[in-house]
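Here is the naming used below: chain letters follow the sequence lines, and residue numbers restart at 1 for every chain. Bear in mind the structure is a predicted one, so any value in this text is a computation, not a measurement.
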Amino acid sequence: MSKKYLNNSWYCGAWATEVTTGLFHRVIAGQDILFFRDKAGEPTALSNFCPHRSAPLHLGKLLDDKIECPYHGLQYGLDGKCVHNPHHPEGEPQKSACLQQFPIVEQHDLLWIWMGDPDLADSAAIPDFSCHTDKSMAKVFGVIEMKAYYELITDNLLDLTHASYVHEGVLGSEGIINGEQEVISDGTTIYVNRWCPDHLAPPAWDKAFGDYGKPMDHWLYMRWDAPAHMLLDVGVTPTGKTRQEGLWVYGTDILTPQDETTTHYFWAITYNKGIDNPEVAKMWEHTIDFAFGGQDKPMIEAQQKMINLRGGVDIEDLESIWLDTDSGPKRARLMLKKLMAKKSAIPEPKNPGLRECMEESDKAKDKSERIIPAV
Amino acid sequence: MSKKYLNNSWYCGAWATEVTTGLFHRVIAGQDILFFRDKAGEPTALSNFCPHRSAPLHLGKLLDDKIECPYHGLQYGLDGKCVHNPHHPEGEPQKSACLQQFPIVEQHDLLWIWMGDPDLADSAAIPDFSCHTDKSMAKVFGVIEMKAYYELITDNLLDLTHASYVHEGVLGSEGIINGEQEVISDGTTIYVNRWCPDHLAPPAWDKAFGDYGKPMDHWLYMRWDAPAHMLLDVGVTPTGKTRQEGLWVYGTDILTPQDETTTHYFWAITYNKGIDNPEVAKMWEHTIDFAFGGQDKPMIEAQQKMINLRGGVDIEDLESIWLDTDSGPKRARLMLKKLMAKKSAIPEPKNPGLRECMEESDKAKDKSERIIPAV
Amino acid sequence: MSKKYLNNSWYCGAWATEVTTGLFHRVIAGQDILFFRDKAGEPTALSNFCPHRSAPLHLGKLLDDKIECPYHGLQYGLDGKCVHNPHHPEGEPQKSACLQQFPIVEQHDLLWIWMGDPDLADSAAIPDFSCHTDKSMAKVFGVIEMKAYYELITDNLLDLTHASYVHEGVLGSEGIINGEQEVISDGTTIYVNRWCPDHLAPPAWDKAFGDYGKPMDHWLYMRWDAPAHMLLDVGVTPTGKTRQEGLWVYGTDILTPQDETTTHYFWAITYNKGIDNPEVAKMWEHTIDFAFGGQDKPMIEAQQKMINLRGGVDIEDLESIWLDTDSGPKRARLMLKKLMAKKSAIPEPKNPGLRECMEESDKAKDKSERIIPAV
């Protein structure tokens with residue numbers, strides 16, 4: 001595994017629905033991984049090559065919880081061990097042939113795979129995306145491939161001022177640029193919170209709130225966990241009202257590096273209004289398709305090409321200017337470096353009351369009044 | 001020439017019919033070669049670049065047994081020497097300009113080119129493909145480009161157990177997997193013989209034998225010569241009958257590396273039944289197109305991509321498991337290494353009676369009874 | 001900047017009409033350059049990436065002579081200095097953010113950009129292409145992208161004997177091959193003159209001279225300035241007549257390397273006959289499209305591929321034969337090396353009377369009679 005990837009870490013491998021009893025594969029952090037569900041419906045993740053001739057196993061067959069290599073028919077069990085060699089007179093397995101098994105956890109409609117030392121895999125370290133399965137909400141979701149180094153996409157997501165330029169007329173507004181930004185560390189988790197009170201909402205938000213047309217409070221609270229798992233708590237509410245009275249949405253932005261030049265971007269929008277209305281789902285899908293696929297993707301891919309022309313892979317390979325608005329990206333990059341140095345993304349203890357405290361304090365006149373509860 | 005290629009060796013450059021009085025070129029072992037026939041119909045092979053500005057000569061003209069460079073008009077004779085410089089006041093040739101001439105031999109409907117020291121080129125070293133010109137047989141033939149390192153294709157051909165997986169329902173059968181395999185060296189030639197008695201024949205064979213439907217003896221005898229010239233003696237006959245009473249076919253599989261990532265695969269099927277029936281020819285062409293183009297090619301190219309992802313070019317660059325069924329590929333790879341170390345594929349003396357002996361002994365109860373005649 | 005490019009040099013960046021008040025970019029000698037005109041119509045050239053996140057600025061906006069970055073909205077003035085940071089509470093510019101400004105000169109319908117030390121930029125060093133704006137002539141012009149190292153195209157243009165092979169039946173003739181060639185240095189400028197008297201003109205020339213059908217004098221006088229700025233003084237006139245009585249044309253051939261594998265080829269044909277006739281303009285456009293796009297481009301790109309296969313980028317990376325007709329390319333390559341060694345293309349003093357002297361002397365029996373005027 002390249003120095004660019006955090007080894008001992010959970011990665012989002014797939015949406016739960018992408019993996020069935022068929023054979024599915026995806027390259028994650030430079031390794032080709034085979035995903036499938038066994039007869040009991042449990043997900044499995046194995047290295048996607050036969051150790052005999054390196055044939056890709058996803059071209060093979062899944063026979064009664066055994067993977068058959070498409071090239072010469074060696075069979076492997078759910079634990080990756082060879083269970084049958086058809087060329088042996090008695091079909092005895094080739095003991096030396098073994099697929100790497102990766103810890104895998106199905107949680108919150110996602111399949112999380114651990115790419116490092118299996119003994120260190122602790123599902124408690126998987127960030128919370130429980131909004132995905134909250135029955136009071138609905139979600140649309142998908143995965144986009146971006147031809148860019150994943151930290152460039154993290155930068156994009158942790159500095160949402162870009163919305164006013166890249167998503168001008170859709171998700172951008174004067175209010176976002178003029179908002180107050182706060183970067184808070186909570187163990188290994190980082191929050192980048194932008195509070196944008198009493199401005200006309202971005203056009204897509206205003207429209208989604210029934211063409212409201214009047215000033216609103218707009219919040220964009222991004223939570224980051226290493227290596228690049230983000231959840232945006234975002235919404236609009238009439239100025240001075242509670243979040244519950246407004247339109248409250250969670251934006252999932254989980255980045256899984258395929259390699260240094262390509263990233264799998266798992267996205268979702270989980271929303272609390274119109275959850276039974278297929279038109280609302282369509283609207284959110286269209287917004288994401290337009291904003292992420294049609295605006296962010298070309299911008300980030302053009303940025304990547306320019307970085308390549310300038311002789312780098314990542315922005316840190318080049319001389320660059322860092323602005324105050326980069327404090328979020330900067331903090332996350334620093335944390336990732338720190339975790340890569342200690343070779344693990346195992347999270348540190350978190351402050352249980354912080355989340356609520358952050359919401360409350362938005363409307364305080366003075367942020368210094370905020371009382372961050374002790375861990 | 002890269003360390004990956006055997007320099008002092010004959011390579012198949014083209015099917016005889018591919019080369020006419022037009023200018024034809026093909027990249028062989030990293031070198032671009034110009035092929036054409038002179039007025040007498042004799043084939044010529046020269047380096048395909050003008051030593052003046054490196055223009056590709058196949059874009060030029062063949063004028064009365066002289067090649068004219070398409071860029072500035074220098075002319076070269078059949079021996080590669082410059083015979084005319086149109087820019088010299090008297091048209092005197094530029095003596096220092098000279099194309100490399102490669103020994104070329106037309107034999108058994110193939111054009112063989114020697115890529116090494118011309119003094120060592122001995123046409124007696126060209127393997128026997130005389131079945132191609134056997135009047136009692138008919139053949140279909142062609143050339144496929146595979147995006148793979150050539151030794152991976154050799155591996156494929158010297159371990160035909162893959163037929164039961166890659167060509168399942170076409171050329172594969174239980175009988176092949178359960179067959180007896182024998183690997184025999186004869187000088188620098190290697191035989192990998194698979195004898196599969198008294199099983200239902202693979203579906204394509206059964207159909208070609210008139211939808212026979214009953215157990216047959218099936219033989220697959222592959223002959224290998226360095227660097228990758230193979231001939232498969234293959235067929236089916238009713239259990240216990242002689243080969244002559246069955247359907248007897250020769251499969252030509254000659255691999256010529258273009259470079260380390262691409263291989264020219266010259267194939268032919270030479271058969272003894274229905275030789276005047278165009279439907280039979282079509283059937284064989286269809287079978288090859290389906291099995292080699294539609295099944296082997298995608299498998300081997302997927303294998304190559306996986307090897308590349310794992311950081312190698314060839315399977316030997318990676319940690320891999322070798323099975324007993326790899327004894328053929330292993331023996332050939334070893335022989336090729338040995339020949340590359342001594343920088344020549346000049347064959348050692350062969351055992352004249354071995355071929356017949358091998359056929360006879362198939363039906364012996366005990367292979368150890370086989371008497372291999374002395375050289 | 002790579003050792004392959006002459007740093008302190010003017011490069012043709014664009015035809016003047018390519019650059020408007022929109023944002024235009026082109027990669028020149030490895031650097032992506034942003035071109036646009038300000039409100040006063042003056043051209044500007046700046047580095048095309050925001051020093052913040054390396055986003056390409058040509059995707060941004062030009063607002064009242066300020067460039068706005070498409071990603072986060074930083075604004076830059078005509079001199080490349082940041083003039084506005086929308087994320088600063090008072091919009092104060094980020095002083096450390098600065099685009100590189102390149103000296104740019106609009107001259108003879110071309111935009112010339114200086115890629116080196118701005119203090120050394122002297123517009124007097126830009127070669128003379130005043131024919132472009134000569135009111136007594138008309139011109140057609142364009143730009144072709146060639147997938148080749150630029151010096152290979154210089155070689156093509158400084159040895160016009162290739163016309164008789166590559167452009168056979170169009171721009172080639174026996175007369176060109178048999179012509180007299182003279183290579184003359186004048187400071188850092190090189191002339192490669194080919195005088196081809198009293199032969200049937202090349203077919204395209206004969207046709208353009210009203211299907212003349214009789215022998216003519218044909219001259220091809222190429223002027224070269226570093227790194228690859230060429231002007232061809234070319235025409236046909238009835239044998240023994242003056243140039244003025246014939247068809248007199250200037251061919252512009254200016255090569256700007258994009259990188260080591262791609263070249264921008266700025267071409268023009270400036271002519272003195274039928275200057276108001278749109279059919280004549282069409283004829284010249286068609287001729288260039290056919291000869292440069294359809295004949296030179298495939299030849300040079302095929303040559304480049306062959307050089308790559310042989311392990312080089314440029315012909316000088318390989319063992320090659322140089323002919324007498326290469327004296328022009330050779331002289332230019334030597335001069336370019338000399339200028340790259342002293343890191344500047346600042347031209348040396350020129351001989352003012354040389355140009356006229358060259359024309360006069362064509363018809364002298366003995367070229368040695370030519371009197372080259374003193375500088």
Side-chain angles (χ1 to χ4, degrees), chain B residues 1-2 5 23 25-34 46-63 66-76 80-100 257-262, chain C residues 148-149 151-169 172-181 194 196 295-330 333:
Chain B
M1 196 172 257
S2 145
Y5 311 122
L23 295 173
H25 81 120
R26 183 166 273 148
V27 176
I28 293 178
Q31 296 187 65
D32 203 335
I33 308 293
L34 179 73
L46 300 168
S47 50
N48 186 29
F49 62 90
C50 180
H52 172 223
R53 302 292 86 184
S54 280
L57 296 168
H58 74 275
L59 300 176
K61 291 180 185 167
L62 183 55
L63 304 164
K66 289 186 285 290
I67 308 297
E68 185 184 84
C69 173
Y71 203 175
H72 299 92
L74 293 183
Q75 292 183 0
Y76 300 91
K81 287 185 186 151
C82 181
V83 293
H84 179 65
N85 173 5
H87 311 295
H88 185 277
E90 280 84 42
E92 269 183 26
Q94 179 75 15
K95 292 225 173 102
S96 56
C98 198
L99 312 180
Q100 187 178 348
Q258 170 171 320
D259 50 39
E260 289 187 17
T261 66
T262 306
Chain C
Y149 177 63
E151 287 202 74
L152 296 178
I153 313 175
T154 303
D155 292 348
N156 171 284
L157 290 160
L158 294 186
D159 176 8
L160 293 175
T161 63
H162 81 267
S164 299
Y165 300 93
V166 178
H167 309 302
E168 193 193 354
S173 72
E174 272 293 303
I176 291 178
I177 304 176
N178 296 327
E180 289 174 57
Q181 181 170 296
R194 189 160 273 270
C196 319
Q295 296 182 320
D296 281 317
K297 181 179 154 83
M299 177 60 67
I300 294 168
E301 293 182 348
Q303 175 197 18
Q304 179 72 69
K305 278 186 194 164
M306 186 61 84
I307 288 170
N308 295 154
L309 184 71
R310 293 186 63 203
V313 169
D314 181 26
I315 198 83
E316 291 193 75
D317 302 334
L318 309 171
E319 266 190 63
S320 298
I321 301 292
W322 295 81
L323 304 179
D324 287 349
T325 46
D326 292 313
S327 52
K330 232 169 167 171
R333 282 172 170 271

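Interface remark: C:S320 contributes backbone and side-chain atoms alike to the contact with chain B (heavy atom separation under 4.5 Å). Only the side chain of C:E168 comes within contact range of chain B, judged by heavy atoms closer than 4.5 Å. Of the two parts of C:I300, only the side chain, counted from C-beta on, holds a non-hydrogen atom closer than 4.5 Å to a non-hydrogen atom of chain B.
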### Query
Can B:H58 and B:D32 be said to form a side chain to side chain donor-acceptor pair (under 3.5 Å), step by step?
CA-CA 10 Å; B:H58 74 275; B:D32 203 335; 5.3 Å; no

### Task
Mind running side chain to side chain contact (heavy atoms under 4.5 Å, CB included) on C:R333 and C:D155 for me, showing each step along the way?
CA-CA 9 Å; C:R333 282 172 170 271; C:D155 292 348; 2.9 Å; yes

### Verdict with reasoning, C:R194 to C:T325, per side chain to side chain contact (heavy atoms under 4.5 Å, CB included)
CA-CA 10 Å; C:R194 189 160 273 270; C:T325 46; 4.0 Å; yes

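Within residues 83-90 of chain B, the residues having any heavy atom closer than 4.5 Å to a heavy atom of chain C are B:N85, B:P86, B:H87, listed by residue number.
Residue pairs meeting the salt bridge (Lys or Arg N to Asp or Glu O under 4.0 Å) criterion with at least one partner in residues 298-312 of chain C, sequence neighbours excluded, are C:K297-C:E301.
Highest contact tally toward chain B, considering only C:G172, C:P329, C:G311, C:A302, is held by C:A302 [criterion: heavy-atom pairs under 4.5 Å]. Between chain B and the options C:T161, C:L323, C:I177, C:L309, the largest number of non-hydrogen pairs under 4.5 Å is found for C:L323.
Nearest heavy atoms, B:L46 versus B:I67: CD1-CG1, 4.4 Å. Minimum interatomic distance between B:P51 and B:L99 (heavy atoms only, all atoms of both residues): CD-CD2, 3.5 Å. Nearest heavy-atom pair across C:G175 and C:C196 is O-CB, 3.3 Å.
In this structure, a donor-acceptor pair under 3.5 Å is present between the side chains of C:D296 and C:H162.
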